[in-house]
Protein chains: 2
Amino acid sequence: MVDHASTDARPSTSVEDVTCGPIYASRKTYLGVEAPGYDDDNAITPPPFPENNLAGPGVTMQVPARRIELTDGTSFDVYDTSGPYTGYATAADCHDLAKGLPRTREEWPHPRPVPASVSASSVTASSSSHSSPSPAATSSGAPAPASPSLVRTQLAWARAGLITPEMRFIAAREGVDVELVREEVAAGRAVIPANHRHPESEPMIIGKRFMTKINANIGNSAVTSSIAEEVEKMVWATRWGADTIMDLSTGKDIHATREWILRNSPVPVGTVPIYQALEKVNGDPAALTWELYRDTVIEQCEQGVDYMTVHAGVLLRYVPLAAKRVTGIVSRGGSIMAAWCLAHHRESFLYTHFAELCEILARYDVTFSLGDGLRPGSIADANDEAQFAELRTLGELTRIAKAHGVQVMIEGPGHVPMDKIVENVRLEEQWCEEAPFYTLGPLATDIAPGYDHITSAIGAARIAEAGTAMLCYVTPKEHLGLPNRDDVKTGVITYKIAAHSADLAKGHLRAQERDDELSRARFEFRWKDQFALALDPDTAREFHDETLPAEPAKTAHFCSMCGPKFCSMRISQDIRDYAAEHGLETVEAIEAGMAEKSAEFADAGGRVYLPLSGA
Amino acid sequence: MVDHASTDARPSTSVEDVTCGPIYASRKTYLGVEAPGYDDDNAITPPPFPENNLAGPGVTMQVPARRIELTDGTSFDVYDTSGPYTGYATAADCHDLAKGLPRTREEWPHPRPVPASVSASSVTASSSSHSSPSPAATSSGAPAPASPSLVRTQLAWARAGLITPEMRFIAAREGVDVELVREEVAAGRAVIPANHRHPESEPMIIGKRFMTKINANIGNSAVTSSIAEEVEKMVWATRWGADTIMDLSTGKDIHATREWILRNSPVPVGTVPIYQALEKVNGDPAALTWELYRDTVIEQCEQGVDYMTVHAGVLLRYVPLAAKRVTGIVSRGGSIMAAWCLAHHRESFLYTHFAELCEILARYDVTFSLGDGLRPGSIADANDEAQFAELRTLGELTRIAKAHGVQVMIEGPGHVPMDKIVENVRLEEQWCEEAPFYTLGPLATDIAPGYDHITSAIGAARIAEAGTAMLCYVTPKEHLGLPNRDDVKTGVITYKIAAHSADLAKGHLRAQERDDELSRARFEFRWKDQFALALDPDTAREFHDETLPAEPAKTAHFCSMCGPKFCSMRISQDIRDYAAEHGLETVEAIEAGMAEKSAEFADAGGRVYLPLSGA
């Protein structure tokens, strides 16, 4: 199923090059979830929920999870993004890369097309129609199409009250009610990036009511890298928890690289189509045209890209605002469009043709990721006029896209000091109808190149706590060079930390369960379970073994911090035993009971401390 | 000056083992600051400021900084904690470790003793007196001594309106008005940990109005490590920015290790005296006594320890509260005292003898770091009854210590989800009279052992933004093993990031200057200046060289992210040139001027993008 036609050099990736096998102490597990079929009459009026849509043929979907097997005989399931690659012991047992993953979603029952616009009503046609005229100029303030078109997008279906298989899959995956999924998508507060042409993907949702998601960027470059490396990077990044992948390739083999990634990716894939368009004009921004860009977008939609960054908010009149900045325009897409606008002294074709773009994306249910081409590139430029002027325009474009039934998320900064982070979320929600916010960090300081995964994780955790739905990872090489395999893993794990910290702070239903499970393992000196429950079991185990390598140390009731002679955790266990034994659970009970308990405690030897082992 | 008497094995550390030499592109520089003398009549009524205290002999103090030399001919000075070690090209040129650093502060003029208690007045004696009786039992609510004793502490002097040489030194070092330093110390909102017996130290201040500080823990352990390693760890940690060091040694050679560290440390040194006391009773908490502990404290005061962690808030009645927790008591000091309390069924001797302890610390101007022995050890236990019960008691102890003229800071958690962090600062400030808060992270999640420098930097940045004055670093090995040299550096740099991010967010006077300087270097492709201005120049340069190792790449006007064919930074520069040339600096000017400028821009070739180099 992989198209090799457009690549000269046959990529060298084979199944042996791809990392397979289970994560430490884990095994892949699936939850069977029923997806009922739909009858021919689903589109107009929402029938009573949830008994609708049961007439057609249904399927059982396999919702993935990773089951961590603990040494106490219990297990703990965690959200899993790794696809089948962690489901087989060896790479040879896994699927054939050249064939690609099973096209599972093609077999799922989907509703018929429904009206794109929320204001439209009473459409009965059962076949898809894409013939509606373009909306008026985007600046006219009348975004809705003149006549309602029918689309097959998660947004339109959700607005029509319809629950799709993807929504059911996601509800099971997130452990939430399916109606919450539908409501959030219908409101535009969440998106399900799932191009009809990427049926290999396992549906996921991006929205602030759900687990915070992370994206990992991969892509070749003019300087180094090869296709083989890039495909493995995708598998590698999703193994450690990347919820989506963005393919930012800029070399000669963009199409083929993307094809390999898409056909083998269990997660949604995003792109920035202007990068490929620029390659087609040999890197000269001024030579770009709407037609060339449009054809590139269609090419990528056909291939199965799930979401696309479009820098349609970089308007001609905003460009000179960047001149006053310390670091100008740092977004590649933003600078390409700025260069085009200045070269032609015309408004951006992405803006003037935005409605047409919406019609294309609606056809495939490709999600907009409205790019922040004027995002700040330094602390000094954060929250400035250029940034917020563009954000207002993204709000305008959000309304147009949603009127076309197209899902939208909004990209955000970048570089922002902590005290200015929350304002970004507030304005984005206010101006962009709470469309999911998707930010790049932001870095909370600029003075630590080489550690920008950390500078940005500080900002990322903060902005996610405030409501950002997806975080684009930053690796230690940011601003310095291209990430290698270790950098990708470090970036992903660091962003899982930021995302999870935010989920904890937001009181997400299941977030704290894992912390508690790991903390219990820590308190009970179940070292192997601590490793197993960690985001990166391999590194945790390796670090432990550096100080205490021997196998008995993994069951020892002490750790290397205090050593065997004294252990605060062990004393705590003694205190617990003592309190339970004596019924001392509140300050009042303690004060009342303590005095009289004193004698018997002393009689028992007073051994609340760890007996010296002589070791 | 180093006492070798109490160590059996002569430590192997020699000057050759210690890391010396300048940091990349930097040189040590000193600012001469005058410290006027004092006459014999300074103690009672503050004379007009700042003309007081000029009668005695004065000195010129050398306030250190690191001067970063930039390639554009300018330089940028940064706060420097590294002592003389970065001031010499080779280790052989540096000072003699066996002799120790110069005892500089002994030569500085200090005021005469003043009353310890703020409520006392009219004391005229010019000699120090420590004969005042102990205060009544700490629980009596009458903390002030019956008759005012005279002390020589920064707190007492500040309250008396006196400006010490240390305050002048600090004002120059921080770039603030000296009166701000005095006011904050007088109010107890800042501390200057500077034992009279540690005259080798360069004074620094811990308080929320000043730069956020970081501490690095070092120390041997029963399992690994040697004295030679520990001394170098101190030099290594301060090289990268540790503002204080805590010596948490627990082995046989505690006294000698500490002596070597103190005599060679340019930063304040903190300890947890109960650790050494426990060694003296062979690790049996129940065998501890007040007398043994007191003698240990005096031994450490005499040696020159600048601040001491005292877990005097772990009261007998709080101990069973920890039984309900997921992770019990995780503080070593806390669990030692809990074990003692339970074993004897008596109130903690640290609490019952607290006033006596205050008198000892006042004699040397040793600062209390009131330990949080019941701090949470997991997300599940954050902000619970045990933690806050102890915090209230720490507030009570704060008032007693300050009545004795002793400086106080308060230790804080630990493990706290982001949404519960600010409450910690709020309650600490409310209950402890805004004494400087000194927290260990906190970790914002428990699920990433191996990355706890990051999980905790997220929490640390947040809690520092909210007002925490000093952050105790966490290394990647936390919860798993003992940090090695690389781990110490990673921990320090990570915490410098957290501290600086907070300073930016708090709008600290000089914080953003460095970000802006680095951002300008980035925008102008001054690669070497980016490295030089980074917190870790070596890692930044190494990462850059991995992708673009050649020397010309360090002056190339592109970076490895986009490659030579296209560069957004370069386009931004073109936009800047264009806007300046055409006077387009606001949206209005742009809209008015853009149309007419169009023609001439097109005539000029429209070259706003980077010409292709063919590379």
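Hydrogens, waters and symmetry mates play no part in the numbers below; they use all other heavy atoms, side chains included.
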Could you tell me the separation between the CG atom of Asp516(A) and the OG atom of Ser378(B), rounded to the nearest 0.5 Å? 7.0 Å
Any non-hydrogen side-chain atom of His453(B) less than 4.5 Å from a side-chain atom of Ile454(A)? yes
Drop me the distance from Met418(B)'s CE to Lys506(A)'s NZ, to the nearest 0.5 angstrom. 9.5 Å
If you round to the nearest 0.5 Å, how far is OG1 of Thr445(A) from CG of Asp503(B)? 9.5 Å
Between Arg462(A), Gln512(A), Arg514(A), which has the largest tally of heavy atom pairs under 4.5 Å with chain B? Arg462(A)
So which residue, Ala444(A), Pro483(A), Ala457(A), Ala505(A), ends up with the most heavy-atom pairs under 4.5 Å with chain B? Ala505(A)
Please rank Ala511(A), Ala322(A), Gly450(A) by heavy-atom pairs under 4.5 Å with chain B and give me the top one. Gly450(A)
Residue from Ala540(A), Gly328(A), Pro417(A) scoring the most non-hydrogen pairs under 4.5 Å with chain B is Ala540(A)
What is the distance from atom CZ of Arg522(B) to atom OG1 of Thr327(A), rounded to the nearest 0.5 Å? 8.5 Å
Which atoms of Arg346(A) come close to chain B, meaning under 4.5 Å heavy atom to heavy atom: side chain ones, backbone ones, both, or neither? neither
Looking at Gly459(B), Ala461(B), Ala448(B), Ala386(B), which makes the most heavy-atom pairs under 4.5 Å with chain A? Ala461(B)
Compare every heavy atom of Trp527(A) with every heavy atom of His479(B), then report the nearest pair and how far apart it is. O-CZ3, 3.5 Å
When heavy-atom pairs shorter than 4.5 Å are enumerated against chain A, which of Thr490(B), Thr539(B), Thr494(B), Leu504(B) gives the highest number? Leu504(B)
Heavy-atom distance under 4.5 Å to chain B: side chain of Ile493(A), backbone, both or neither? side chain
Could you tell me which non-hydrogen atom of Ile458(B) sits nearest to which non-hydrogen atom of Ala498(A), and how far apart they are? CD1-CA, 4.1 Å
Engaged part of Pro476(A) at the chain B interface, taking heavy atoms whose separation is under 4.5 Å: both
Heavy-atom side-chain contact between Glu546(A) and Asn484(B) under 4.5 Å: yes
Residue selection (most heavy-atom pairs with chain B, distance under 4.5 Å) from Ala460(A), Pro449(A), Gly334(A), Ala534(A): Pro449(A)
Find the distance between CG (Leu535(B)) and OH (Tyr451(A)) and round it off to the nearest 0.5 Å. 8.5 Å
Rounded distance [0.5 Å steps], CG in Leu480(B) versus CD in Gln530(A): 7.0 Å
Quick one: what part of Leu518(A) sits under 4.5 Å from any heavy atom of chain B, side chain, backbone, both or neither? side chain
